[in-house]
Number of protein chains: 2
Amino acid sequence: MQNLEGNKWYRGRERLFVAVDCVIFGFDQGVLKLLVFKRAVEPLKGEWSLIGSFIQEEENANEAAKRVLKEITGLDDIFMEELKTYSKVDRDPGARCVSISQYALIKIEEYDKELVEQHGAFWFAVDSLPSLVLDHNQMVVDALEHLRHKVQFYPIGFELLPHRFTIPQLQSLYEEIFQKKLDTRNFRKKFFSLDLLNKTTEKDKSSSKKGAYLYQFDLKKYNTLQQSGFNFLLLKK
Amino acid sequence: MQNLEGNKWYRGRERLFVAVDCVIFGFDQGVLKLLVFKRAVEPLKGEWSLIGSFIQEEENANEAAKRVLKEITGLDDIFMEELKTYSKVDRDPGARCVSISQYALIKIEEYDKELVEQHGAFWFAVDSLPSLVLDHNQMVVDALEHLRHKVQFYPIGFELLPHRFTIPQLQSLYEEIFQKKLDTRNFRKKFFSLDLLNKTTEKDKSSSKKGAYLYQFDLKKYNTLQQSGFNFLLLKK
DNA sequence: TATAATAAATGTAAAAAATACATTTATTAT
DNA sequence: ATAATAAATGTATTTTTTACATTTATTATA
């Protein structure tokens, strides 16, 4: 980093605390959940909060968020994107602090349950969240809105499902995200027409006698299609 | 602001410079343009740049961006939204600085031309921009991608047009944004079916002998429709 | 004052996509 | 063998999208 002495441009400018906060979604048995965190330290000890961190010297915002996610869940290599910046002057009564929210979609059966417990983190259904500190409830509302929009145009739903999943699981994910029942026949027709699912020969019999075939999302095919101007667009209405 | 002495939480945390940078779009005679700025002061004097500012003590990011926009263009009450945060450690060689990009859509005939000139700002067609400082070209690329997406789902195109505009103007705006010729008949049919345009009795004869009727966007109607789960969705492909 | 020139405005038929809707199938437990 | 359960499937109707060419209003000029 360059020596700033004598550089009028930076001299006297305010510097702010800059944090990231992670909105971590999981999909558990038909329910969309969020990982929230009971603060063990002051300030705001004992209150529910998203998981966050100040940005450190040697990392950018996304790296900070990934670091936090790794610390809490043990998970690496997760779908995570910046959402929005929260910069209201008084949003944090402790100090002037800007927070960059990042949302993550995780496969709920893969995270390290012990680690999560150690960090005082819990899963809540998104529709029955407790009151969170600062503007964290707003962050969740914004993240949900974004998720609902984005999931229609990009195949990110798979990030919330196991590597192999059934069509009923996939449908229930979309039903949960859109808060709307979908027709089985039309859902399948639509999804199969996209030609992005590979059927395996195995069935998941955990929720029926007949069992439902397991499928995998074909990311390579998607990438190829997308490059040629393909539109994922799942639901019109 | 609370006294932080004794508050372990903040003590020793790094503080960063936080700036906003404005990606200002305008639509001028069929061409999508961007307002860029020749720096008059060090550092990077003489180079092309987006217009930005450090966030000040008493303002949030959006307020900072609106302040800048007002200073440069004289315009108030402009469509402006946060886009993305740029936080790479070395993005600014002068100091560790995070920038929040904000994009604005302005009606190009309304800004204060003298003010703009005074500030060394110029309009460039987006497809022939000069090289900009830091990661500002990336900001523009990201803003364009966002604009292309958003304009399909939200009626923000009108922010770039005069209050009253013709259908040919509207169509050329979409053609310019999507970089694609559209069919006049289908374009009109689609737009009229949305029922969001009010036809006036006046014509604009500046580009044809016959003249084209002037229309206005009906924001109230849009708001009502949107609340009842309406989908703007302009183009499928 | 007729004609040429110019961009604006319009309609229809065919193809594709979305929707509504009910039965059969595979398997397990009794 | 039968009952129970969730998975899987097909078709007809409606809606939306697409492709495509001519007429209209006006001004300038011959």
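Note that these values count all heavy atoms, side chains included, but never hydrogens, waters or copies made by symmetry. Every chain is numbered from 1 and lettered A, B, ... according to where its sequence line falls, protein lines coming before strand lines.
- Taking the six-membered ring wherever Trp is involved, the centroid distance between the rings of F191(B) and F217(B) does not fall below 6.0 Å.
- Separating the CD atom of Q169(A) from the C1' atom of dA6(D) is a distance of 14 Å, rounded to the nearest angstrom.
- The CG-C1' distance, from L182(A) to dT19(C), rounds to 12 Å in whole Å.
- Rounded to a whole Å, the CG atom of L197(A) is 12 Å from the P atom of dA8(D).
- Sorted by first and then second residue, the pairs that involve residues 205-218 of chain A and meet side-chain hydrogen bond (donor to acceptor under 3.5 Å, both in side chains), not counting sequence neighbours, are H163(A)-Q216(A), N198(A)-D218(A), D204(A)-S206(A).
- Contacts of V31(A) classified as side chain to side chain contact (heavy atoms under 4.5 Å, CB included), with partners at least two apart in sequence or in another chain: K33(A), A125(A), E176(A).
- Within the structure, salt bridge (Lys or Arg N to Asp or Glu O under 4.0 Å) pairs that include any residue of residues 130-159 of chain A comprise E81(A)-K150(A), K84(A)-D142(A), R91(A)-D135(A) (at least two apart or interchain).
- Minimum atom distance to the side chain of F192(A) is reached by dT9(D), of the listed dT10(C), dC20(D), dT9(D).
- Under the side chain to side chain contact (heavy atoms under 4.5 Å, CB included) criterion, A212(B) pairs with T166(B), P168(B), sequence neighbours left out.
- What separates CZ of F187(A) from P of dG10(D) is a distance of 18 Å, to the nearest Å.
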Any protein N or O atoms within reach of nucleotides 11-14 of chain D? Criterion: under 3.5 Å, listing atom names and distances.
residue: dT11(D); atom: O4; partner: K189(A); partner atom: NZ; Å: 2.7

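- Atom C1' of nucleotide dA7(C) and atom CG of L214(B) are separated by 15 Å, given to the nearest angstrom.
- Within the structure, side-chain hydrogen bond (donor to acceptor under 3.5 Å, both in side chains) pairs that include any residue of residues 113-127 of chain A comprise Y111(A)-W123(A) (at least two apart or interchain).
- Remark: C1' of dT16(D) and CG of D195(B) are 17 Å apart, rounded to the nearest angstrom.
- With sequence neighbours excluded, the residues that form a side chain to side chain contact (heavy atoms under 4.5 Å, CB included) with E110(A) are L75(A), K107(A).
- Note: F187(B) and Y174(B) have tilted aromatic rings, judged against thresholds of 30 and 60 degrees for the angle between ring planes.
- For Y154(B), there are no ring pair (Phe, Tyr, Trp, His ring centres under 6.0 Å) partners, not counting sequence neighbours.
- Annotation: side chain to side chain contact (heavy atoms under 4.5 Å, CB included) contacts of R185(B) (sequence neighbours excluded): D183(B).
- Near-neighbour residues of DNA chain D inside residues 199-212 of chain A, defined by a heavy atom below 4.0 Å, number-ordered: S207(A), S208(A), K209(A), K210(A), G211(A), A212(A).
- Consecutive pairing runs in DNA chain C reach the stem threshold at C:1-30 with D:1-30, where a stem means at least three Watson-Crick or G-U wobble pairs with distances under 3.5 Å.
- Whole-Å rounding puts the E175(B) CD to dA7(C) P distance at 14 Å.
- The distance between atom CG of D183(B) and atom P of dG11(C), rounded to the nearest whole Å, is 14 Å.
- The side chain of R185(A) sits closest to dC21(C) out of dA8(D), dC21(C), dC20(D).
- When the ring pair (Phe, Tyr, Trp, His ring centres under 6.0 Å) test is applied to F165(B), the partners found at least two apart in sequence or on another chain are F158(B).
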